[in-house]
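Atoms within each ligand, like the ligands themselves, are counted from 1 in listed order. All residue numbers refer to positions in the sequence shown, counting from 1.
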Amino acid sequence: MGIQLTVEPIEETLDVADGQTLLDACLRAGVWLPHACGHGLCGTCKVEVLDGEVDHGAASPFALMDFERDDGFTLACSATATVDVTIEADIDEEPDAVVRQVRDFDGVVSRIEHLTPDIVGIWIKTGEPVEFQAGQYLNLHVPGVERPRAFSFANSPSTADEVELHIRLVPDGEATPKLRHDLQVGDRLTFSGPYGRFFVRRSHDKPMLFLAGGSGLSSPKSMVVDLLETGCDQPITLIHGVRTAADVYFDDTFRSLEAEHPNFTYVPALSQPDDAPWDGETGFVHEVAERRFDGSFKGLSAYLCGPPVMIEACIRSLMKGRLFERDIFTERFVTEADGESAKSPLFKRL
Ligand SMILES: Cc1cc2nc3c(=O)[nH]c(=O)nc-3n(C[C@H](O)[C@H](O)[C@H](O)COP(=O)(O)OP(=O)(O)OC[C@H]3O[C@@H](n4cnc5c(N)ncnc54)[C@H](O)[C@@H]3O)c2cc1C
């Protein structure tokens with residue numbers, strides 16, 4: 001018999017393959033554990049090892065401190081087991097969450113579009129529908145790159161047989177330059193998913209504010225389109241922050257959604273306007289949000305997606321405007337460089 005993993009307090013026991021992380025084993029068995037970055041950087045998937053031993057793998061010393069290792073904690077996204085293990089996880093009941101088993105998919109690149117000078121849109125046609133909750137992400141295997149890279153679904157779940165990704169070029173990165181410069185229509189790509197707990201809390205039934213930075217428009221696009229397609233009476237505001245007018249993308253899509261749906265407001269905003277004509281908002285996303293809402297965010301649900309620095313600034317503004325942890329949901333595009341500060345000092349737990 002192989003290695004067995006028991007998850008408390010839900011008393012689920014499942015098999016773990018040699019070298020497979022505890023998180024991967026759980027998600028593929030349909031057992032949901034909290035997780036976010038998937039690479040041992042953010043600490044969201046911290047669990048207590050009640051019995052047995054684990055190898056902590058590549059867990060960052062900032063996300064899993066020495067004293068936590070000594071006290072028997074580990075990060076499920078990096079830990080592997082060689083003997084039977086029992087863990088205790090903090091599994092919150094989320095009425096709006098749809099738990100789907102993580103699976104492997106493959107598909108063919110059906111379209112590539114240069115959306116801005118540094119963001120490329122990639123569409124992947126899959127032979128079968130990829131079911132996910134709007135806001136979630138996938139792990140993409142990029143040919144020639146060892147570890148998969150996380151990218152959020154930008155399509156709405158209604159177009160489940162063609163995945164859409166918005167990929168920002170990280171100039172000294174390993175994977176994104178390959179996706180930007182080498183990928184061709186017709187190439188095959190593989191990925192696994194769906195991952196993550198960034199999704200709309202419909203049961204909260206409040207006006208919604210989406211704050212997106214750069215290619216962090218991906219998840220909010222999926223979430224907003226899904227809300228409008230499936231019916232939503234609450235006011236929805238999307239503020240998309242970019243640097244210059246050339247960095248604005250899917251402007252037409254959002255403007256036609258705005259024309260069709262009186263409850264939807266779209267606000268693109270430039271933080272570094274240049275000489276190109278622009279009569280819209282200027283400033284950072286959080287500054288524009290403060291202006292639009294007169295500094296008061298009470299009674300809203302906020303969904304933030306993009307680089308950690310933008311998310312921290314937005315959380316600060318929202319909290320100053322009387323919106324607190326239970327109504328703020330984030331998807332941060334964490335990278336290894338962000339490892340030290342991946343957890344928000346403003347939130348108790350993410
Ligand atoms: C849950 C999740 C969802 C994501 N969704 C998206 C998405 O929809 N669209 C998107 O464009 N990106 C998204 N990202 C970020 C994306 O995963 C990274 O930008 C990508 O993995 C970089 O890969 P790379 O191989 O090119 O860079 P790497 O070789 O991994 O990194 C090279 C260097 O650049 C730094 N770096 C890497 N990524 C970034 C970055 N984004 N910003 C600044 N510095 C960076 C690294 O720390 C390192 O120093 C998401 C990340 C997470 C965790």
Side-chain angles (χ1 to χ4, degrees), residues 23 27 34-45 58 60 62-63 75 77-78 102 112-124 132-156 163-183 189 191-199 210 212-225 240-243 247 249-250 303-312 329-344 350:
L23 178 65
L27 297 180
H35 64 280
C37 76
H39 300 301
L41 303 176
C42 72
T44 308
C45 63
S60 138
F62 302 101
L75 299 189
C77 76
S78 315
V102 165
I112 298 176
E113 205 178 305
H114 292 278
L115 301 171
T116 75
D118 66 357
I119 299 174
V120 63
I122 292 176
W123 283 258
I124 308 167
F132 66 97
Q133 221 173 341
Q136 290 190 294
Y137 69 94
L138 53 75
N139 271 332
L140 183 69
H141 296 275
V142 180
V145 177
E146 201 186 329
R147 279 195 299 111
R149 297 297 194 264
F151 296 105
S152 305
F153 291 95
N155 54 305
S156 118
V163 169
E164 171 186 334
L165 305 176
H166 302 169
I167 296 177
R168 187 178 75 85
L169 173 72
V170 176
D172 58 346
E174 219 190 316
T176 52
K178 288 189 166 55
L179 293 169
R180 166 97 195 177
H181 303 301
D182 304 340
L183 197 72
L189 285 175
F191 61 89
S192 61
Y195 297 96
R197 274 235 152 168
F198 188 57
F199 54 81
F210 291 85
S215 62
L217 184 65
S218 49
S219 284
K221 173 173 175 279
S222 177
M223 295 156 104
V224 167
V225 172
H240 181 209
V242 297
R243 274 161 305 182
D247 299 314
Y249 69 99
F250 280 119
Y303 297 89
L304 284 44
C305 187
V309 60
M310 170 225 131
I311 290 193
E312 287 307 318
F329 306 94
T330 61
E331 185 70 288
R332 36 190 90 224
F333 291 178
V334 192
T335 70
E336 276 162 46
D338 302 311
E340 291 179 39
S341 57
K343 283 188 94 174
S344 171
L350 278 176

At their closest point, which heavy atom of Y249 faces which heavy atom of G214, and how far apart are they?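 So the two residues come closest at OH-O, 3.6 Å.
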
For [X], atoms of ligand 1 separated by under 4.0 Å from a heavy atom:
X: E331; answer: 1 (C)
X: I167; answer: 11 (O)
X: S218; answer: 7 (C), 8 (O)
X: H166; answer: 7 (C), 8 (O), 9 (N), 10 (C), 11 (O)
X: D172; answer: 32 (C), 33 (C), 34 (O)

When you check the gap from the basic side-chain N to the acidic O, do R147 and E174 get nearer than 4.0 Å?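 Between E174 and R147 there is no salt bridge, as every charged N stays at least 4.0 Å from the carboxylate O atoms.
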
What do we get for [X] next to ligand 1 when only non-hydrogen atoms under 4.0 Å count, side chain, backbone, both or neither?
X: S152; result: both
X: T176; result: both
X: Y137; result: side chain

Yes or no: does R147 have any heavy atom under 4.0 Å from an atom of ligand 1?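 Judged by the 4.0 Å heavy-atom criterion, R147 does not count as contacting ligand 1.
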
Contact (N/O only, under 3.5 Å) between V170 and ligand 1: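 No, no N or O pair falls under 3.5 Å.
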
When you measure from atom 14 (N) of ligand 1 to each heavy atom in A175, A36, A150, which option holds the nearest one?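 The residue whose heavy atom sits nearest atom 14 (N) of ligand 1 is A150.
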
Ring centres under 6.0 angstrom apart (F250, H166):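 Ring centres of H166 and F250 closer than 6.0 Å.
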
